[in-house]
Structures are given as structure tokens and as C-alpha cells.
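Chain identifiers are assigned alphabetically (A, B, ...) following the order of the sequence lines, protein sequences preceding nucleic acid strands; residue numbering begins at 1 within each chain. Note that the structure is a prediction, hence the values are computed from the model and not measured.
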Amino acid sequence: MIKDYFLNEIETAIKKAIKDNKLGEMKEYTRGSLSTERPKNADFGDFAINVSSLARFARIAPPLIAKNILEYVEKDNNEYSVVAGFINFKAGKTLLSNAIEEIFKKDTNYGKPENVKTEKILLEYISANPTGPFHIGHGRWAAMGSVLANLLKFYGHEVYQEFYINDAGSQIQKLGRSLAIRVRQELGEDIDFPTDEIERKNFYPGDYLIPVAKEFIKKYPNEKTFEPLSDTTLKLLCDFAKDYEEKVQRDLLDNFRVHFDNFYSELSLHKSGKVEECVQKLRDSGKIYEKEGAEWFKSSEYGDDQDRVIKKADGSNTYLTADIAYHIDKLERGFDRLINIWGADHHGYVARVKASIEALGYDPNKLEVLLGQLVNLVINGNEVRMGKRKNMVTLEDLIDEVGVDATRFWMSMRNIDTTLDFDIELAKTNSDENPVFYVQYAHARACSILRNAVEEKLNTETGEKTPAPMTKAELDELINNYKAETILPTLDTAKKLILKLEEYKSMIKTSAETRQVYTICRYVQELASEFHSFYNSNRVISDDKEMMRARLALVIGVKKVLRNALNILAVNAPEKM
RNA sequence: GCGUUUGUAGCUCAGUAGAAUAGAGCGUCGCCCUCCGAAGGCGAAGGUCGCGGGUUUGACUCCCGCCAAACGCACCA
């Protein structure tokens, strides 16, 4: 990376300067103490290093420090300058042309970091109840989770994506009883869900169970014992509804380009005895006590703000109990790191799950929980609160409305810490107001230029054909045997674009290391913007063959980098729009 | 009351690790197609970085207090 090259040159020069006693009282320098930054004003340079922080060791003024360091720098064809305590740097033709060459050489692997520590990661996200369709909030975790998985894999990690199915709790009972009512309605009974608000909470009154009821009747035409509801019938209803909803969820995920390696059933965790095993281990190690008929886990000994019930007075488990077992199971499967994406409404759970991991002898730092703020829908400029019952817009509705590409992009484009305003109208527009189209348009435009480069042109008035600016073979030669010096003719007018293409590498690295996928969305918009700007001020196809080849190389570079980035986002990079 | 997160231009958001004039997009206003996709570009206006202290040579950034918003604070999942 250019900024690392620059930093390395300066650090090497500092060591040499110290040896010659040119940095006052400074006797040693440890690498990494300084860092590069982007000058606010581009006139200063492409990158800058502020050496003021060395002043207290050297005991001489920052400008003099900078000046003295500069005397030891191998400048090659790069430009260095000193302003106050800053050493400014402008990349020369070698670095810039090599940067473009690297895109051609590495192609789909361009930007993959080298010499980084990689891990075996289990990434858990969405993990919804199989009790109904996904809502918009799930869409954010789905998009961000799958993008993060793609990103971490590209970085070099081994990533295993898992969806935890909450198929064991009372929610499933609620689902089964709700289906019973829908079935009875379908069979002609005059019956409805309770109108009393509190009683109604024991049901899922949404319309989505109506088609499920119809299917149920087809499969079990002789099933009539709904009143009173027998245990066997209830189980039949529960299983049927659960399987049905799971299938609906999985089909939608598939369509949304979200692909899990495993769906982990909470029920299987209970059946395997792993839940009881964990509870017993906690009892054995004295981390459990009885109070008011329930068993409590001393999570407060491990940083939680209070102890938590792990066995209810009626002997059943809490949700936490299973979750503890689940996380222990993940660790026992040998993962170096567990990353969970949870809604911010679950933040209270982080401390207790970490506490349980520690109490059971594992390293709680292996668990990294990314808490995501929720999603607001904006329709015609008005915020629509995602209430649990009213105004419930499903993820499927949203995708039908705005498309997979726009939904994925919008759901990924904001910092996970901020609530996301999803503007449906904006996500649908085909103009620069919509960042997805803006970026896709840049890609399509690049493709279009490449098509024009090898196509003969027909003059509609005269009917004459002008030969293609270059042959297909010449274009292939340009791509397959790319030479670094190809772009030199356009270096001056395209520097910003080249630097932006080069920045892809550091963007990917920090994005993966900070788990912030929105930076990819931002980057892709910035690159598109630089490209549009370049396009407007530089004619690509022209009679000047060398200039044309230079600019075509950049167009190809932009196309490759945009495609790589969009691949990580799993958003289409269209050839035409 | 306690905890987590957020407060930056009219709107939606960036701002890496504390530094040189606070950055984008949208919106508003003005300009640019006989020429590769104008679904684009160029420019202008627009800011007491929620408020008040503190640390520092230097704070949007770190610390403390306050104000506002969202979400939690179950023997629910």
C-alpha cells in the first residue's frame, strides 16, 4: 500500500537520522509510533505524517525534525515537502503505475490482505423464531451478516455461518395454538383470536397462518380433534407450522443471497443433553444457588450486573440456559472466534453469556457481539415505526418492492451503531439520488466504454461505417499482458482516480478488522464518483492510441474493483442497465 | 433510577490512531451534451460538531456533568 510505503520510508529515514545524531536528544524510535493521514487540503499531498509528537523526545522544533528526517529519505520519483511539523508526500509515477498493474495481476484477489493473522470464525446472525415471516429488522442482520461473511472470507478467515433456530420455547406452542384457530376457521367454524389484549399475546394473529391452515387440512383431512385440543394434535400443529415457516424463511434467505452453512436447532441441543450437561457443570463448580424455588447462576461474579435464573421454579429452563449450552457447543467445535450479530434490544444478554463462558472455563474474549440498532421504514418522508403488530412490513414485501440489490445495499450502508432509515421511495428511484443505482451505473458505464472500444460505428446519416477504435485482440492483449507503464500518459489527469483504486486495499483491511461493512458501501460510492468525474473530463476513446490504452486501462481497473466490491456485498454489477 | 447506543449543513450520514481551512450524498440555486450512457459532471450557498466544564502545545475526537432520542433493565424468547 502506498501509505505504508511512505510510512516505511520515513521510519527508515528516522533510524538513519538518529544514528547520525540529527534528531537532537532522540536516541531510539520504535516503528508504529507515527502514522499516515490524509491531508485535508489535497494541495499538501496525497498523504502526510505529522512528526510533532517526536518533539518531546528530540527537544527540537517539529519543522526542523521534519527537515532533518527528509534528508535521509530515498525520494525516487515521489515528492516530499515539509510544512510545519508535517512531512507531505505525493506519490510518483512508479507507485501509481504499479498500483494499477496490481489490479490486473491480482484481479479477483486484488485487495486481499497479505501476512495477516487468520482465524476460524463462527458467525451467527438472524437466529429468528420459526414462528412467522421475517420482518425488516431481520433484513438488516441478514444483509450485514452475509456481507460480513463474504468480507471475512475474502480477508482470509475461515468462516462458518450459522443460524440458531429457537424451536424449543413456548413460542412454538403459541404458534401451534394459533394454527389451530386458523384451521378451525378454514373448517367453517365461527371462531377468532381473543380480543383481550393480554390473552391475544398468547397467539400469532397475523394472516400468514391462513395458507398454512389450508395446507394442514390437505395433509391431515381427518384431523378434527381441536376442541379440546389434544396433545398429539397440538404437536402435529406445532411441527407442521414450524416446518412450514422454516421453509418460508429459508427460501427467502436463498432469494436474498444469504447462505448459511448450518441451521442449529435449539431443540437438538436439549435432546442431546448438552443443556443439562452445562447446568450440571455449573452446579458442580458451585456457580449455582437456590432461591425462591429456582436455581440461579452467579453471573454477577463475572461482570454481569445481577445473577440470572437458569432453572425456573417449575423445573424448566430459561432461554439463557440453552443459549449458554449453545455457545459452549460452538467453542467445543473448535472455533477461534465467535461473532454474533444481535439486535440492540438484546444487549443485556451480552454480559450474562460472557459470564457463563468464563464460568465454564473458556475465554470470554473469543465472543464478539455486534449489536445493531434497529430499522425505521420511511415512506413518503414519514417514519413508520416497526411496531410488533401494527404496520408490520415483512422483509419479503420490502424485497418485492425495491429488489434484492437495493435492499442488500441499503441494509448494509450504515454504521451498525446507528438506527437505519430505510427510505423505500429513494431505494426505488433510478437516479443519482439512489446510491445503489449510482454505483451500478458507473459499472455499466465502464462496460459500455469497453464495448465501444472494439465496436465499429455506424453513421446513421451517411450509412458509413467507421472501423472500431481497436480490435478485440488488442483489448485482450492490454488486459492479459498488462504493463505498468501503460497508464503513464494519463497519470496527471487521473491521479485521484488511481489513488482511490489503490485505497481499496486499505479499505478492505480496516473494514474486515473493524467488522464495519458499511465502509464498503461508502467506498464504492466514492469510487463511482471519481470515475464519473474522470469520465466527464477525459475522453477515453480517441485517435491517440497510447492515451486511449492508458485510459482504457483505468476503465478496466474501475470495472474490476467495482465488481470485486459488489461481489462482497452480493449486489449485481450489471453490464447494461 | 441504572445500563447500552446515538446527537456534526434543511434532510440522510462520514470523520481511521487527538493535529494544517469540518467532509460527502440528497435538497436549493447557477452552469456543462454536433463527441465513449446527462441514469452523468462542474460550481455556489449552507455548520457556535447537543450544552457546559476539564486534560492537552492542540479536542468533533479523550475525561466529567447536564439535556434530548432509541433500546434494554423477566423464573419471555
A.B. asks: Using the aromatic ring of Phe44(A) (for Trp, its six-membered ring), decide whether it stacks on the base of A20(B) within the limits of 5.5 Å and 30°.
C.D. replies: yes
A.B. asks: By the definition side chain to side chain donor-acceptor pair (under 3.5 Å), identify the one residue from Glu368(A), His346(A), His327(A) that meets it with Asn340(A).
C.D. replies: His327(A)
A.B. asks: What contact category does Lys311(A) fall into here, base, sugar-phosphate, or nothing, at under 4.0 angstrom with non-hydrogen atoms?
C.D. replies: nothing
A.B. asks: Whole angstroms only, please: what is the CE-C1' distance between Met577(A) and G37(B)?
C.D. replies: 11 Å
A.B. asks: Between U5(B) and G10(B), how far is it from one P atom to the other, in whole Å?
C.D. replies: 28 Å
A.B. asks: Whole angstroms only, please: what is the CG-P distance between Leu34(A) and U16(B)?
C.D. replies: 18 Å
A.B. asks: Under 4.0 Å, heavy atoms only, any strand: does Thr510(A) hit a base, just the sugar-phosphate, or nothing?
C.D. replies: nothing
A.B. asks: Over all strands shown, is His347(A) touching base, sugar-phosphate only, or nothing at heavy-atom distances under 4.0 angstrom?
C.D. replies: base
A.B. asks: Find the distance Ile49(A):CD1 to A20(B):P and express it as a whole number of Å.
C.D. replies: 16 Å
A.B. asks: With sugar-phosphate meaning primed atoms plus P, OP1 and OP2, does Ala48(A) contact a base, only sugar-phosphate, or nothing at under 4.0 Å between heavy atoms?
C.D. replies: base
A.B. asks: Is it the case that G72(B) (base atoms only) and His346(A) (side chain only) share a donor and an acceptor within less than 3.5 Å, ignoring hydrogens and angles?
C.D. replies: no
A.B. asks: Name the pairing partner of G3(B), where a pair is Watson-Crick or G-U wobble with both distances under 3.5 Å, or state none.
C.D. replies: C71(B)
A.B. asks: What integer number of Å spans the C1' atoms of C64(B) and G23(B)?
C.D. replies: 29 Å
A.B. asks: Who is the Watson-Crick or G-U wobble partner of C62(B), with both distances under 3.5 Å?
C.D. replies: G54(B)
A.B. asks: Can you check the distance between C26(B) and C67(B), where both ends of the measurement are the P atom (answer in whole Å)?
C.D. replies: 39 Å
A.B. asks: Between C75(B), C42(B), U12(B), which nucleotide gets closest to the side-chain atoms of Arg414(A)?
C.D. replies: U12(B)
A.B. asks: Is Asn538(A) touching bases, backbone alone, or none of the nucleic acid, heavy atoms closer than 4.0 Å?
C.D. replies: base
A.B. asks: For C31(B), does the O4'-C1'-N9-C4 or O4'-C1'-N1-C2 angle fall within 90° of 0, making it syn, or is it anti?
C.D. replies: anti
A.B. asks: Run the ring-centre check on Tyr264(A) versus Tyr326(A) and record whether the distance is less than 6.0 Å.
C.D. replies: yes
A.B. asks: What distance do Asp323(A) atom CG and Arg352(A) atom CZ have between them, rounded to the nearest 0.5 Å?
C.D. replies: 10.0 Å
A.B. asks: Using a cut-off of 4.0 Å on non-hydrogen atoms, how would the nucleic acid contact of Asn415(A) be classed: base, sugar-phosphate, or nothing?
C.D. replies: sugar-phosphate
A.B. asks: From the options Lys495(A), Lys496(A), Lys90(A), select the one residue that forms a side chain to side chain donor-acceptor pair (under 3.5 Å) with Asp46(A).
C.D. replies: Lys495(A)
A.B. asks: Between the base of A38(B) and the side chain of Tyr441(A), is there any donor-acceptor pair under 3.5 Å?
C.D. replies: no
A.B. asks: In Watson-Crick or G-U wobble terms, both distances under 3.5 Å, what is the partner of A20(B)?
C.D. replies: none
A.B. asks: We want to know whether Glu513(A) and Tyr155(A) form a side-chain donor-acceptor pair, criterion being a heavy-atom distance below 3.5 angstrom.
C.D. replies: yes
A.B. asks: Out of G37(B), C42(B), A77(B), which nucleotide sits closest to the side chain of Asn452(A)?
C.D. replies: G37(B)
A.B. asks: Find the distance Leu426(A):CG to C11(B):P and express it as a whole number of Å.
C.D. replies: 16 Å
A.B. asks: Using purine N1 to pyrimidine N3 plus N6-O4 or O6-N4 for Watson-Crick, or N1-O2 and O6-N3 for G-U wobble, both under 3.5 Å, which nucleotide pairs with A44(B)?
C.D. replies: U28(B)
A.B. asks: At 4.0 Å (heavy atoms only), tell me whether Ala444(A) reaches a base, stays on the sugar-phosphate, or touches nothing.
C.D. replies: base
A.B. asks: Regarding A20(B), can its base be found pairing with the side chain of Asn88(A) as donor and acceptor, where the two atoms are less than 3.5 Å apart?
C.D. replies: yes
A.B. asks: Among A17(B), C13(B), G40(B), which nucleotide sits nearest the side chain of Ser35(A)?
C.D. replies: A17(B)
A.B. asks: I'd like the P distance from C75(B) over to A70(B), given in whole Å.
C.D. replies: 26 Å
A.B. asks: Counting any heavy atom closer than 4.0 Å, what does Ser33(A) reach on the DNA or RNA strands: base, sugar-phosphate only, or nothing?
C.D. replies: nothing
A.B. asks: Using a 4.0 Å heavy-atom cut-off, does Glu292(A) contact any base of the nucleic acid, only the sugar-phosphate backbone, or nothing at all?
C.D. replies: base
A.B. asks: Using a cut-off of strictly less than 4.0 Å, decide whether Thr419(A) has a side-chain nitrogen or oxygen near OP1 or OP2 of U5(B).
C.D. replies: no
A.B. asks: Judged by atom type as modelled, is there a donor-acceptor pair below 3.5 Å linking the side chain of Ser299(A) to the main-chain atoms of Gln306(A)?
C.D. replies: yes
A.B. asks: For Tyr535(A) and G41(B), are the ring centres under 5.5 Å apart with planes inclined under 30°?
C.D. replies: no
A.B. asks: With the side chain of Gln171(A) defined as its heavy atoms from C-beta on, choose the nearest nucleotide among C75(B), G41(B), A77(B).
C.D. replies: A77(B)
A.B. asks: Rounded at 0.5 Å granularity, tell me how far CE in Met507(A) sits from NZ in Lys500(A).
C.D. replies: 9.5 Å
A.B. asks: Look at all strands and tell whether Arg308(A) reaches a base, only sugar-phosphate, or nothing, counting heavy atoms closer than 4.0 Å.
C.D. replies: nothing
A.B. asks: Just how far, in rounded Å, is C1' of U8(B) from CG of Asp417(A)?
C.D. replies: 16 Å
A.B. asks: Start at the 5' end of RNA chain B and walk down; is the nucleotide closest to Leu371(A) or to Ala528(A) reached first?
C.D. replies: Leu371(A)
A.B. asks: Find which nucleotide of RNA chain B each of Ala313(A) and Ala344(A) is nearest to by heavy atoms, and output the residue with the more 5' nucleotide.
C.D. replies: Ala344(A)
A.B. asks: May I have the distance from Phe86(A) (atom CZ) to U21(B) (atom P), rounded to whole angstrom?
C.D. replies: 9 Å
A.B. asks: If only side-chain N and O atoms of Arg551(A) are considered, is one of them under 4.0 Å from the OP1 or OP2 phosphate oxygen of C36(B)?
C.D. replies: no
A.B. asks: Of all the choices, A20(B), C71(B), A19(B), which nucleotide is nearest to the side chain of Pro39(A) once you look at every atom?
C.D. replies: A20(B)
A.B. asks: Whole angstrom is fine here: how far is it from CG in Leu370(A) over to P in U4(B)?
C.D. replies: 18 Å
A.B. asks: Contact class for Ala294(A) vs. all strands (heavy atom < 4.0 Å): base, sugar-phosphate, or nothing?
C.D. replies: base
A.B. asks: As a test of reading the structure: which of C75(B), G23(B), G40(B) is closest to the side chain of Arg445(A), going by heavy atoms?
C.D. replies: G40(B)
A.B. asks: To the nearest angstrom, how far is Trp410(A) atom CH2 from C26(B) atom P?
C.D. replies: 12 Å
A.B. asks: If we take the P atom in both G3(B) and G65(B), what is their distance in whole Å?
C.D. replies: 9 Å
A.B. asks: Any salt bridge linking Glu295(A) with Arg283(A)? Criterion: basic side-chain nitrogen under 4.0 Å from a carboxylate oxygen.
C.D. replies: yes
A.B. asks: Mark yes or no for whether Gln249(A), through its side chain, and Gly132(A), through its backbone, hold a donor-acceptor pair below 3.5 Å.
C.D. replies: yes
A.B. asks: Look at all strands and tell whether Asn129(A) reaches a base, only sugar-phosphate, or nothing, counting heavy atoms closer than 4.0 Å.
C.D. replies: sugar-phosphate
A.B. asks: Within the pair Asn536(A) and A38(B), is there a side-chain N or O less than 4.0 Å away from OP1 or OP2?
C.D. replies: no
A.B. asks: Work out how far the P atom of G25(B) is from that of C35(B), and round it to whole angstrom.
C.D. replies: 27 Å
A.B. asks: Are Trp410(A) and Phe422(A), when compared by the centres of their aromatic rings, separated by less than 6.0 Å?
C.D. replies: yes
A.B. asks: Within the structure, does a side-chain N or O atom of Tyr523(A) lie under 4.0 Å from either OP1 or OP2 of A24(B)?
C.D. replies: no
A.B. asks: What's the gap between A74(B) and G15(B) when it is taken at their P atoms, as a whole Å value?
C.D. replies: 34 Å
A.B. asks: Mind checking the P distance from G27(B) to U12(B)? Whole angstroms is fine.
C.D. replies: 15 Å
